[in-house]
Amino acid sequence: MHADAILELRNLKAGYATNAGFVRAVDDVSLTLHRGEFLGIAGESGCGKSTLAYSIMRLLRDNARIESGSIIFDGTDITSLDEKAMNEYRWTRMAMVFQSAMNALNPVLSVEEQLVDAVLAHKQVTRADAKKTAMEMLELVDINAERIASYPHQLSGGMRQRVMIAMALLLKPDLLIMDEPTTALDVVVQRSILQKIEELRHIFGFSVIFITHDLSLLVEISDSLAIMYAGKICEYGPSREVYASPDHPYTKGLMNAFPTLTGPISRMGGIEGQAPSLLSPPPGCRFAPRCNVAIDACTKEVPLLQVTSPGRLCACRLCGGNHE
Amino acid sequence: MIRDFFKTLIKNKKSLSGLVLLGFFILVALFAPLLAPYPPKTDRVEHTTLLEENKGDPEVLSEETEGQNREKSVYTVTITQKYEKTTEYFPTRAKPSKDHILGTNHAGNDLFSQIIMGTRVSLFVGLATGLFVTFISLSLALLSGYLGGILDDVISFVTNVFLVIPGLPLMIVIGTYVPMHGVLPIILILSLTSWPYPTRLLRSQVLTLKNRDFVRASKMIGERTSFLIFREILPNMISIVMSEFFTVSLSAILGEATLEFIGVGNITVVSWGTILYWAQANGAILMGAWWWFLPPGLLIALTGTAFVLINFGIDEISNPRLRKR
Amino acid sequence: MNNVILELKHVSKHFALSGLRNISKVVHAMDDVSFFLNKGESLALVGESGSGKTTTASVIAGMYEKTSGEIYLDGQPVLPFKTREASLRYKKKVQMIFQDPFASLNPTHTIRSILERPFLIHKLAGSTRELEAMLCDSLEMVGLSPAKEYLHRFPHELSGGQRQRVNIARTFAVSPEIILADEPTSMLDVSIRIGIMNMMLDLKEKKHVSFLYITHDLAGARYMSTRIAVMYAGMIMEIGPTEEVIANAVHPYVQLLKASAPAPQEGVRKAAIPAKGEIPSLVHPPSGCRFHTRCPYAKKICSEEVPAMRDIGNGHFVRCVLV
C-alpha cells in the first residue's frame, strides 16, 4: 500500500442477483486513490460504476454482494468488517452524495433535524453544538444558515444537493464519493456546485471519487480518470493525459463522442453498437464486438490492465506499453 | 395482449395456485346439479313404484266410413294403475352420516347439496358484480380521465361523494327496501356500493398514461381520440383492470355473504351466505354443529384466497420492484 | 424573405394552475417568443429545464393551445385547427421527436404496428405490399437493418438508441418539412449520442427538412445547428448565427451558460463563474428582465422594464438593455 493512499481496491468483484441470473457488475477492479486526489470514474449506464461506489460504502442492496477482493481504506480491509465496525467508517471517514437528493433526504424531517441527527449519531456532542456545526456547514455550501429550519420540498434542486453535500461533509470525512451528483441539475447550477466542491476540498483536504457518464465534465475537474466498460476498468491515468492521448479504443471513441464549444466543427464518430449485457459478457475483451481495430485474438483472451507509461494503465492488447 | 397477460399469470406460482383454486370452484359451480346428491331445497326422498296395471276391454263409441278405402272408429280403453309411494323424510339437524356427509339443517335439507349449489350463487354474484363494476368504472375512468373538463369534474365529484358513504350501512338500507327476486337485486346493490374506488384508481391510471410520450407521439402523427383511448391507453391498463376485477369480485362475494347472513338479502336463495344465516338463526354455533357453519365459512375464505393469490401474482408482474430478486 | 417556412410572432403560453389556492394564478411558461425557421435550416433552441423550450415545441406541434400571438406556416396563420383535415394537413408537415425513447413507444405494440400508423392515417400506401416496402425503407433509413428483423419486435427488446431510431423513423414517415426535436439524445448513452446526431444531420440534408433542435447542451447545439436561440424563464434572450452567439455571446445569461458548460479542451480548471441563484418561479416571474435577479451586471432599469429584442446586426438579436 502506498504511503499516501487513502483507498485501495484489489481485484474487487461485486454484483447483484436478478431473475435472469447473477450480474457481476464490478469485475476484477483494482484502483488506488491518494489522499486529496480527485478521481473521476466515467462509464455509461450499466457499466457497474454505481455498484462500485456502493460496494466501497458497503451500502449494497439486499440482492447485491461483494464476491471477492479487498477494499483497503486507510490500511484496513473493510470488506471483512461487521456492520457495527463498518459504521465507524461510514459517514465519519467516508461519505457519499447520491444522484437524487430528493430520494436521499427524508421529506417529513426538516434540514435541521436531518443534519443534527447525522452529527449526534456519530459524535458525542450536545444538541446545540451539533446544530452549530450544521449551520456552519450550510454556510460553507452557500446556504443561508437560517434555512436550516426548511423542509426538503421548500428547497430547489440545487439547494437540496448542497444540503446533501453539507450532510456528507459534516463529520469531516477523508473520502467523499459522489454518484452522478449533478446529473439532474442544470449546467449553471452544476457548475456552481462543482466549484463549491473544489473550494471545500481545499479547505478540508478530502479525496473525491466522482462518478458520472459525462466524460467532458470529468476531464475538466478530476486529477485522474478511470474509464469503466462493462464492469471492468479499461483505462486509467491522469485526466489531462488520458484526454490528450487516449490509449484504449473505447476511450478514444468516447473522447470523440461529445461536441465542443470551441475549435473547428468536425464530424464526430461515436461508437457503433451498444454495451453488452453483464449477464453474459462476450468472451475475451468486452469491447471487442464494438471495437473497430479488434483482431481475432481480442475475442479470445481477456486483456489485463497493464502499465503503458508511468502512471497510466490500459487494458487492451493493441495499446502500447510492456507486452512481454 | 390478454393472452400474454394470462401466460405470465400462469408462470407465477402464486397466481397459478389462485387460478387453479378459482378454476376448481368454477367447475363445481358449472356441474353443481351433477355433483349434488339431492336438490338443495328438498327435505325428503320419494320413491314411487308401479305395482300392477289392469287394462279393460275397448268400448266402441262411433264408426264411420270415409270414402272407398278409409274407415274411422273412436273407442275408449280404461286402464287402472296401482302405485306404492314411500316418502323418506330426512332427519332435521342431523350430524354428518353416510346419507348426508355434512348433515342436514333445521328444515331437513341436505347441507352438502346446499353448499354445492350455493357455490353457483356465490360465484355468480361475485363474478357478475366484478364484471359489471369493472365495465362501469373503466368506462367512467376513461371518460373522465381522458376527456377531462366538466365531465371529469362531475364524475370525480360523484365518485368522491360515493366514496365517503360507508358501504355496508348503505347496502343494508337499500337491501331492506328493495324487493328481492333472485340474485339480480343483490348484484345491483353490491355494484352500487363498490364502483367508486376502482373508478378513482383507474382514472388516475388513465391520467398518468395519457401524458406519457407514446400517447403524445401518437397524437402527433394524427391518431383519433378513440384510437388513443382504446389502442394506446387501454392495453397498458390490463393488469390494473384485471386486478380491480378480482378485488371487486372478492368483495362482492364477501358482501353477498354478509348481506345474506344478516338477513337483508334474499333468504329463499341457496348460497353460502344464506346457509350461514340459517345456521346462526337456528343456533348451530351454540350447539357446536360445525358441519353446518364451518364449510360455507371455509369456502368463502378459500374463494377469497383464490382471488387474493391471483392479485398477488398480478402485483408481482406489474410491479417490477416486487419481482423476485 | 420567402425562404421562411415557420414563423412565431409574439407567442405566449400561460398554464392555469389548478386548486382553490391557486385560482387565477398562471405559469408564464412562454412569453413573447418570436423567431423564424428557414427552409432546410437547423435552429437550436437552448435552455435549462424550466426555460420554456419544450413548451415552445409543444405549442408549435399544436399539443398546447397558445395563449396569444400567431404561428405561421408558409406564411399562413395555422393554429388552432378548425377541422381534423386541417390538423392532419399540419401534422403531415410538422413532426416531433420526443425526448425519452423509453416512454415514447407503446410497450404493448410491436414496432410494425407502431410504424405503420403514420402511413395508414395519412393514407400514404396504396397496397399492403407498398406499405411493407415503406416500412422496411423507413427502418433502413434510420440504420435498423435488416428491417424484417425489427418489425415483429416489441420496444422492450430494443436498446435505447434503437428505440430512438424507431422514433425518428416514425416522425420521418410522413415526409415532413419541419422536425421539432425535443432533446432527442439527452436520455441516451454518451457513446451512441453522436451516432443519432449524425443520422439526424444526414437526414436533414437528404430529406431537405428544417430542424428545430431543442437542447440544454450548448456544445450539442453548436454541432447540430446553423442558428441558436437561447431561452431563459420563458423568454428568448439571444438569437443569432451559431458561431456568432457562441463566440461573442452578448447576453449575460448566455455568457454564464457558456462559462458553465464543460470545456475539457481548455486544459485547465476554469476560473470561477459568478453564478448565483436558480431559475425563478414562473408563477411570479421577476419584473423587468427575467434574468436580473441573477445577473452580475443588473442595474435599476433591469427590474423595471422588460427589454425588447434588439438587433445588433448580422441577424443577431439580444434582449438586454445594457447592450
Side-chain angles (χ1 to χ4, degrees), chain B residues 1-9 142 144-154 156-157 160 203-242 314 317-320 323, chain C residues 18 54 57-58 60-64 81 84-110 113-124 154-156 163-164 166-174 176 179-180 182-184 187:
Chain B
M1 253 347 269
I2 291 188
R3 207 194 305 147
D4 288 347
F5 176 76
F6 275 102
K7 259 188 211 159
T8 35
L9 265 195
L142 286 172
S144 93
Y146 190 83
L147 298 178
I150 293 178
L151 192 69
D152 181 31
D153 292 342
V154 171
S156 298
F157 180 75
N160 288 339
R203 174 181 167 269
S204 63
Q205 177 80 359
V206 174
L207 283 182
T208 321
L209 285 170
K210 97 169 187 193
N211 287 321
R212 292 284 291 279
D213 274 354
F214 62 79
V215 178
R216 283 156 41 94
S218 279
K219 212 187 260 179
M220 196 60 226
I221 56 161
E223 295 287 8
R224 287 169 189 277
T225 307
S226 56
F227 187 94
L228 295 177
I229 292 180
F230 294 110
R231 292 296 311 282
E232 299 286 352
I233 292 181
L234 205 53
N236 284 289
M237 293 178 68
I238 285 178
S239 57
I240 189 167
V241 167
M242 291 310 265
I314 297 178
I317 292 163
S318 54
N319 186 349
R323 260 179 224 169
Chain C
S18 60
T54 297
S58 301
I60 298 174
M63 259 181 292
Y64 298 141
F81 309 120
R84 178 172 158 78
E85 283 62 42
S87 155
L88 278 185
R89 260 202 313 277
Y90 186 73
K91 283 165 179 166
K92 174 95 176 52
K93 288 186 174 175
V94 181
Q95 276 298 314
M96 183 155 171
I97 304 171
F98 290 83
Q99 175 176 13
D100 185 352
F102 297 91
S104 47
L105 298 176
N106 192 329
T108 62
H109 294 185
T110 58
S113 54
I114 290 169
L115 206 53
E116 69 182 9
R117 292 307 300 171
F119 295 108
L120 296 178
I121 294 169
H122 295 274
K123 303 191 176 60
L124 300 174
F154 282 95
H156 67 87
R163 286 187 218 196
Q164 200 59 304
V166 173
N167 271 321
I168 293 172
R170 172 166 59 182
T171 51
F172 272 94
V174 295
I179 298 272
L180 313 165
D182 184 8
E183 304 215 39
M187 310 278 278

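- Proximity to chain B is limited to the side chain of Met63(C), based on heavy atoms less than 4.5 angstrom apart.
- If you measure heavy-atom distances from Leu105(C) to chain B, the contacts under 4.5 Å come from the backbone alone.
- Nearest heavy-atom pair across Phe98(C) and Ala217(B) is CE1-CA, 3.3 Å.
- Contacts of Tyr64(C) classified as ring-ring contact (aromatic ring centres under 6.0 Å, His included), with partners at least two apart in sequence or in another chain: Phe15(C).
- Nearest heavy atom pair, residue Ser58(C) against residue Arg216(B), reads OG-NH2, 4.0 Å.
- Annotation: side chain of Ile221(B) is in contact with side chain of Gln95(C) (closest heavy-atom distance under 4.5 Å).
- Arg117(C) has its side chain within reach of Phe227(B): a pair of non-hydrogen atoms, C-beta onward, lies under 4.5 Å apart.
- Taking each heavy atom of Thr108(C) and Pro235(B) in turn, the nearest pair found is OG1-CB, 3.5 Å.
- No part of Thr171(C) comes within reach of chain B, as not one of its non-hydrogen atoms sits under 4.5 angstrom from that chain.
- Comparing Val215(B), Leu209(B), Asp213(B) by how many heavy-atom pairs each has under 4.5 Å with chain C, the most go to Asp213(B).
- The backbone N or O of Phe214(B) sits nowhere less than 3.5 Å from a side-chain atom of Asn106(C) that would complete a donor-acceptor pair.
- For the set Glu223(B), Lys219(B), Arg231(B), the entry with the most heavy-atom pairs within less than 4.5 Å of chain C is Glu223(B).
- Separating the CZ atom in Arg212(B) from the CG atom in Asp100(C) is a distance of 8.5 Å, to the nearest 0.5 Å.
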